[in-house]
Number of protein chains: 2
Amino acid sequence: MLTTGDIGRIIRFHRKKAGLTQLQLARLSGVGKTVVFDIEKGKETVRLDTLMKVLAALNIRIELNSPLMAAFREKDHEKS
Amino acid sequence: MLTTGDIGRIIRFHRKKAGLTQLQLARLSGVGKTVVFDIEKGKETVRLDTLMKVLAALNIRIELNSPLMAAFREKDHEKS
DNA sequence: TTGTGATTACTGCTAAGGCGGTAATATCAT
DNA sequence: ATGATATTACCGCCTTAGCAGTAATCACAA
């Protein structure tokens, strides 16, 4: 199961690969520098929108999965 | 790309399939009833830990993906 | 070592998330 | 239609996330 610690490590890894400092990533994401640090540290109480901004800046996609997701996608398909 | 609206619809779908009311899901997840409603409505500013509690209660897994994730998993592997 | 930049830590402030309670509205049986 | 249940909406209260600024610590190169 994915923990906030995992999320932090994933983001840090991507940031380093992109050659960005925490401050640069913060500016790029449109969030405060404190939050980037907190997220990389594994903070659990970050807001979803804040996290998503950072993920988007690093081209990381969020996905949800479960045994029911196939059924959901079918149902969602009917809706066009 | 996954939006908070998508997340809300996915959660609602899973909750219905599980035969739970919003209140029951809230109690089961250990969060307030208001939040379950907000999340299903697509609220962007929920806290990550709150969302994760609800997802866990419904057996929905979060995954992060990017072209760099394979490299990350390798690097992470060295760490045992 | 010494310096330069990055990271970590702390502070005060403001905005707002989470909460239960309650009420109004919607949904769906019978 | 009527009733029972679920959903949506609103209310204050309390807590705290996010923010910039600053300072201290760390890491690595010259």
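Here is the naming used below: chain letters follow the sequence lines, and residue numbers restart at 1 for every chain. All of these numbers come straight from a predicted model, not from anything done at the bench.
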Visitor: In whole Å, what is the span from the CD atom of A/Gln22 to the P atom of D/dT25?
Guide: 18 Å
Visitor: Indicate yes or no for a side-chain donor-acceptor contact from B/Arg15 to the backbone of B/Leu20 under 3.5 Å, with no hydrogens or angles considered.
Guide: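 Yes; at least one donor-acceptor contact below 3.5 Å.
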Visitor: Send over the distance from A/Glu44 CD to D/dG18 P, rounded to a whole Å.
Guide: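 A/Glu44 atom CD is separated from D/dG18 atom P by 13 Å.
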Visitor: Would you find a donor on one side and an acceptor on the other, under 3.5 Å apart, between the side chain of A/Glu40 and the backbone of A/Phe37?
Guide: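 Not a single qualifying donor-acceptor pair exists.
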Visitor: Residues of residues 32-43 of chain A with any non-hydrogen atom less than 4.0 angstrom from an atom of DNA chain D: list those, numerically ordered, please.
Guide: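 Nucleic-acid contacts, sorted: A/Gly32, A/Lys33, A/Thr34, A/Val35, A/Lys43.
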Visitor: With heavy atoms of chain A within less than 4.0 Å as the criterion, where does contact along DNA chain C begin and end?
Guide: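 Extent of the interface on DNA chain C: C/dA6 to C/dG17.
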Visitor: How many Å lie between CZ on A/Arg27 and C1' on D/dG21, as a whole number?
Guide: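 A/Arg27 atom CZ is separated from D/dG21 atom C1' by 11 Å.
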Visitor: For the backbone of A/Val46 and the side chain of A/Thr50, can you confirm whether one donor and one acceptor N or O come within less than 3.5 Å of each other?
Guide: no
Visitor: Tell me whether the OP1 or OP2 atom of D/dT7 has a side-chain N or O from B/Lys16 closer than 4.0 Å.
Guide: yes
Visitor: Restricting to non-hydrogen atoms, name the atom on B/Leu68 and the atom on A/Phe13 that form the minimum distance, rounded to 0.1 Å.
Guide: O-CE2, 3.7 Å
Visitor: Show your working on side chain to side chain contact (heavy atoms under 4.5 Å, CB included) between A/Arg47 and B/Leu48 and close with a plain yes or no.
Guide: CA-CA 6 Å; A/Arg47 291 208 320 238; B/Leu48 181 60; over 6 Å; no
Visitor: Given 3.5 Å as the limit, does a donor-acceptor pair link the side chain of A/Thr4 with the main chain of A/Gly42, or not?
Guide: yes
Visitor: Under 4.0 Å from any atom of DNA chain D, heavy atoms only: list the residues of residues 47-55 of chain A that qualify, in numerical order.
Guide: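 Of all residues in residues 47-55 of chain A, the ones placing a heavy atom under 4.0 Å from DNA chain D are A/Arg47, A/Thr50.
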Visitor: Are the side chain of B/Thr3 and the backbone of B/Gly5 linked by a donor-acceptor contact shorter than 3.5 Å?
Guide: yes
Visitor: Within a reach of under 6.0 Å around CD of A/Glu44, are more than 12 heavy atoms found that belong to other residues, nucleotides or ligands?
Guide: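 No, CD of A/Glu44 has 12 or fewer neighbouring heavy atoms, counting only those of other groups under 6.0 Å.
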Visitor: Within the distance-only criterion (no hydrogens, no angle test), does the side chain of B/Glu74 pair as donor or acceptor with the backbone N or O of B/Ala71 below 3.5 angstrom?
Guide: no
Visitor: I'd like to check B/Asn65 versus A/Ile62 (side-chain heavy atoms, cut-off strictly below 4.5 Å). Are they in contact?
Guide: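 They are not in contact (no side-chain heavy atoms under 4.5 Å apart), so the answer is no.
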